[in-house]
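Note sheet for the following structure.
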Amino acid sequence: MIVHPPHPGDVSGFAAEKYAEDLATDGFVYSHTRVMAMNPDADLAFEQLTGSLVSTLGLRNYELVTLAAARTLRSPHCLLAHGRKTLRAAVLDEAQLVRVAADYTSAGLSDAEVAMMAFAERMSVDASAMTDADSQVLRDHGFSDRDIVDIAMAAGARNFLSRVLQALAVPVEDVPELDEDVAAALLSPTRA
């Protein structure tokens with residue numbers, strides 16, 4: 001990585017809080033945390049955005065959209081971090097997370113959840129090719145206009161962070177508490 005993020009002793013405010021959170025949780029500061037600390041105002045805004053989306057979509061829907069977008073983008077940072085988040089929050093158990101990673105369409109999710117993940121996947125591949133028909137699928141599965149906008153924003157937020165980390169060649173660290181087999185399933189090539 002060519003950029004030189006700040007060391008723990010060189011941060012304050014929100015960046016220092018994020019460093020302390022990583023240290024308390026995992027004993028080290030993740031590279032992605034350090035890169036985002038270079039612009040703590042943007043990092044805080046991102047956290048506020050995603051927090052607002054979780055509050056309206058619910059944690060399960062937010063994490064499923066996040067996993068779909070991150071998987072499509074082949075974002076190891078986000079797949080590992082959000083894989084662990086889904087397990088910690090009991091959104092999915094290990095077996096279902098592995099099934100979602102392999103093929104969410106046959107992972108025992110509801111039809112609405114599959115539609116939501118397909119929307120996030122399509123948006124992450126080529127948002128410019130999407131039409132009202134893509135949103136209509138979500139509406140047909142009972143999502144409100146607000147839900148549809150929030151699903152698009154959640155996928156867009158994951159596209160933003162994943163692409164920033166990938167473009168800067170930010171190193172990927174192992175995520176403690178994430179079983180090796182689960183991590184391998186998350187990082188396996190995308191489904192056909």
Side-chain angles (χ1 to χ4, degrees), residues 3 14-15 18 30-86 89 91-92 97 100-101 103-105 107 109-170 172 175 186-187 189-191:
V3 299
F14 183 70
K18 297 289 285 188
Y30 285 95
S31 296
H32 65 270
T33 301
R34 294 178 62 220
V35 166
M36 294 303 287
M38 295 180 79
N39 187 338
D41 293 337
D43 192 19
L44 176 60
F46 180 79
E47 291 288 323
Q48 290 170 333
L49 170 64
T50 58
S52 73
L53 296 170
V54 169
S55 72
T56 58
L57 283 175
L59 184 60
R60 181 179 175 91
N61 285 348
Y62 175 80
E63 291 298 340
L64 290 173
V65 167
T66 294
L67 289 170
R71 183 148 178 81
T72 303
L73 297 165
R74 298 181 183 152
S75 172
H77 306 89
C78 297
L79 286 166
L80 295 173
H82 286 275
R84 180 170 78 171
K85 283 183 181 186
T86 63
V91 169
L92 301 171
L97 179 57
V100 165
D103 181 2
Y104 65 84
T105 65
L109 300 175
S110 72
D111 290 343
E113 290 169 333
V114 169
M116 183 178 59
M117 292 183 78
F119 183 95
E121 184 177 72
R122 182 160 162 76
M123 183 177 156
S124 299
V125 170
D126 187 5
S128 68
M130 295 179 79
T131 67
D132 285 341
D134 296 289
S135 296
Q136 185 63 49
V137 172
L138 294 177
R139 179 171 285 138
D140 292 345
H141 282 90
F143 291 105
S144 69
D145 287 353
R146 171 69 186 263
D147 295 334
I148 294 167
V149 169
D150 286 351
I151 290 165
M153 290 180 84
R158 191 54 40 203
N159 272 260
F160 161 75
L161 186 60
S162 294
R163 291 175 190 274
V164 166
L165 299 176
Q166 290 170 331
L168 295 173
V170 176
V172 178
V175 175
L186 287 167
L187 299 176
T190 56
R191 69 183 179 83

### Query
With no hydrogens and no angle check, is any side-chain donor or acceptor of H82 less than 3.5 Å from a backbone partner on A70?
no

### Query
What heavy-atom pair brings G83 and L97 nearest, and what distance separates the two atoms?
O-CD2, 3.6 Å

### Query
Nearest heavy-atom pair of V170 and H77: which atoms, and what distance?
O-NE2, 2.8 Å

## Note on the structure
dist Y62:OH -> M116:CE (nearest 0.5 Å) comes out at 12.5 Å

#### Entry: Shortest non-hydrogen contact from Y104 toward A118
OH-CA, 3.2 Å

### Query
Is there a donor-acceptor pair closer than 3.5 Å between any side-chain N or O of N159 and the backbone N or O of A155?
yes

### Query
Any side-chain donor paired with an acceptor under 3.5 Å for S135 and D132?
no

### Query
Okay, side chain of Q166, backbone of R74: is any donor-acceptor separation there less than 3.5 Å?
yes

### Query
CG of D111: more than 12 outside heavy atoms within 6.0 angstrom?
no

### Task
Rounded to the nearest 0.5 Å, what's the gap from CG on L92 to CG on L67? Could you check?
7.0 Å

### Message
Measuring only between side-chain heavy atoms, which start at C-beta, is K85 closer than 4.5 Å to V175?
### Response
no

### Message
Could you tell me if S75 and S162 have a donor-acceptor pair between their side chains, going purely by distance under 3.5 Å?
### Response
yes

### Query
So, the side chain of D147 versus the backbone of S144: is there a donor-acceptor pair under 3.5 Å, distance only?
yes

### Query
At what distance, to the nearest 0.5 angstrom, does CG of L186 lie from CZ of R84?
12.5 Å

### Task
For F143 and N61, work out which heavy atoms get closest and say how close.
CE2-ND2, 4.3 Å

#### Entry: Minimum heavy-atom distance between V65 and I151, given as atom pair plus value
CG1-O, 3.8 Å

### Task
Look up atom CG in L165 and atom OG in S31, then write down how far apart they are to the nearest 0.5 Å.
9.5 Å

### Task
Please report the shortest heavy-atom distance between A152 and M123, naming the atom on each side.
O-CE, 3.1 Å

### Query
Are Y30 and H32 close enough that their ring centers fall under 6.0 Å?
yes

### Query
What distance separates Q136 CD from L138 CG, expressed to the nearest 0.5 Å?
9.5 Å

### Task
Please check if the side chain of R71 supplies one atom and the backbone of E121 the other of a donor-acceptor pair under 3.5 Å.
no

### Query
Can you tell me how far the CG atom of D134 sits from the CD1 atom of I148, to the nearest 0.5 Å?
10.5 Å

### Query
Quick one: side chain to side chain contact (heavy atoms under 4.5 Å, CB included) partners of A68, sequence neighbours excluded?
M117, A120

